[in-house]
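Note that the structure is predicted; figures quoted are calculated from it, not measured.
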Amino acid sequence: MQPEEVMENLIRAIKGTREYNQYHNLLDSVKAQPELYNRIGEYHRRSLAMQMSESENFIHENNKLQKEYYDLQNNSLSNEFFSAEHQYCVMIRSLQNQFLEGIKIETDFLEV
């Protein structure tokens with residue numbers, strides 16, 4: 001079997017998981033509410049920018065961001081979406097780690 005075929009099978013398998021389907025079903029529900037979808041997008045952008053910065057006030061800035069987007073935590077749909085997104089990302093990260101360990105690609109340089 002060629003690597004491309006294996007990848008197609010893996011993608012098909014991932015699309016059959018509970019994590020994938022729950023995430024995408026909730027994403028569709030969130031997208032059906034454009035204002036909520038945009039608010040979640042803003043939160044993701046700002047959170048990612050903050051995580052990539054080298055700020056010494058990370059905890060303070062994170063707390064401030066959480067307070068600013070408190071409404072998302074109290075919205076059952078966005079809260080459920082964030083949970084599903086997290087579970088989906090955990091699954092993908094686990095697969096990625098298994099792949100990198102299995103094919104012996106050196107990644108120690110990524111550890112700081």
Side-chain angles (χ1 to χ4, degrees):
M1 188 177 294
Q2 295 296 316
E4 293 81 8
E5 293 173 282
V6 173
M7 182 59 72
E8 288 174 14
N9 289 336
L10 176 59
I11 290 169
R12 226 180 344 271
I14 290 170
K15 287 181 175 182
T17 64
R18 178 188 57 80
E19 292 87 351
Y20 176 90
N21 286 294
Q22 186 175 26
Y23 168 74
H24 281 280
N25 288 335
L26 287 165
L27 179 60
D28 289 343
S29 296
V30 167
K31 283 183 171 181
Q33 298 182 34
E35 187 174 313
L36 180 61
Y37 178 70
N38 289 334
R39 185 104 170 113
I40 289 172
E42 291 170 10
Y43 172 77
H44 276 135
R45 282 188 295 280
R46 292 194 46 206
S47 177
L48 184 58
M50 183 183 61
Q51 291 172 46
M52 295 180 72
S53 76
E54 296 182 14
S55 174
E56 294 178 9
N57 296 321
F58 178 81
I59 293 174
H60 173 72
E61 290 176 21
N62 186 50
N63 288 340
K64 184 178 170 186
L65 184 67
Q66 296 302 318
K67 286 178 186 174
E68 187 176 340
Y69 288 89
Y70 184 74
D71 59 305
L72 294 180
Q73 296 171 19
N74 287 329
N75 179 301
S76 61
L77 178 56
S78 63
N79 200 21
E80 195 174 353
F81 171 75
F82 286 136
S83 178
E85 180 182 54
H86 174 73
Q87 292 303 311
Y88 182 49
C89 288
V90 166
M91 180 188 73
I92 295 299
R93 189 175 322 123
S94 174
L95 292 172
Q96 179 183 17
N97 288 339
Q98 289 177 45
F99 178 75
L100 292 175
E101 288 174 17
I103 61 172
K104 311 264 188 247
I105 290 179
E106 179 66 38
T107 58
D108 289 344
F109 64 90
L110 295 172
E111 302 297 322
V112 180

Self-check item: For Arg18, all residues meeting salt bridge (Lys or Arg N to Asp or Glu O under 4.0 Å), sequence neighbours excluded
Solution: none

Quiz prompt | salt bridge (Lys or Arg N to Asp or Glu O under 4.0 Å) involving Glu8 - partner list, sequence neighbours excluded | solution = none

Quiz prompt | ring-ring contact (aromatic ring centres under 6.0 Å, His included) involving Tyr43 - partner list, sequence neighbours excluded | solution = Tyr69, Phe82

Would you please name every residue forming a side-chain contact (heavy atoms from CB on, under 4.5 Å) with [X], sequence neighbours left out?
| X | answer |
| --- | --- |
| Glu19 | Thr17, Gln87, Tyr88, Met91 |
| Leu27 | Tyr23, His24, Lys31, Tyr37, Phe81 |
| Glu5 | Met1, Gln2 |
| Arg45 | Glu42 |

Mind checking what makes side chain to side chain donor-acceptor pair (under 3.5 Å) contact with [X], not counting sequence neighbours?
| X | value |
| --- | --- |
| Ser83 | none |
| Arg12 | Asn9 |
| Gln51 | Ser47 |

Exercise. Any ring pair (Phe, Tyr, Trp, His ring centres under 6.0 Å) involving residues 49-68? Give me the pairs, sequence neighbours left out, ordered by first then second residue.
Key: none

Quiz item: Got a sec, which hydrophobics cluster with Phe109, joining ILVMFWY side chains under 4.5 Å apart, including via others?
Solution: Leu110

Quiz prompt | Exceeds 12 heavy-atom contacts within 6.0 angstrom, atom CG of Leu48 | solution = yes

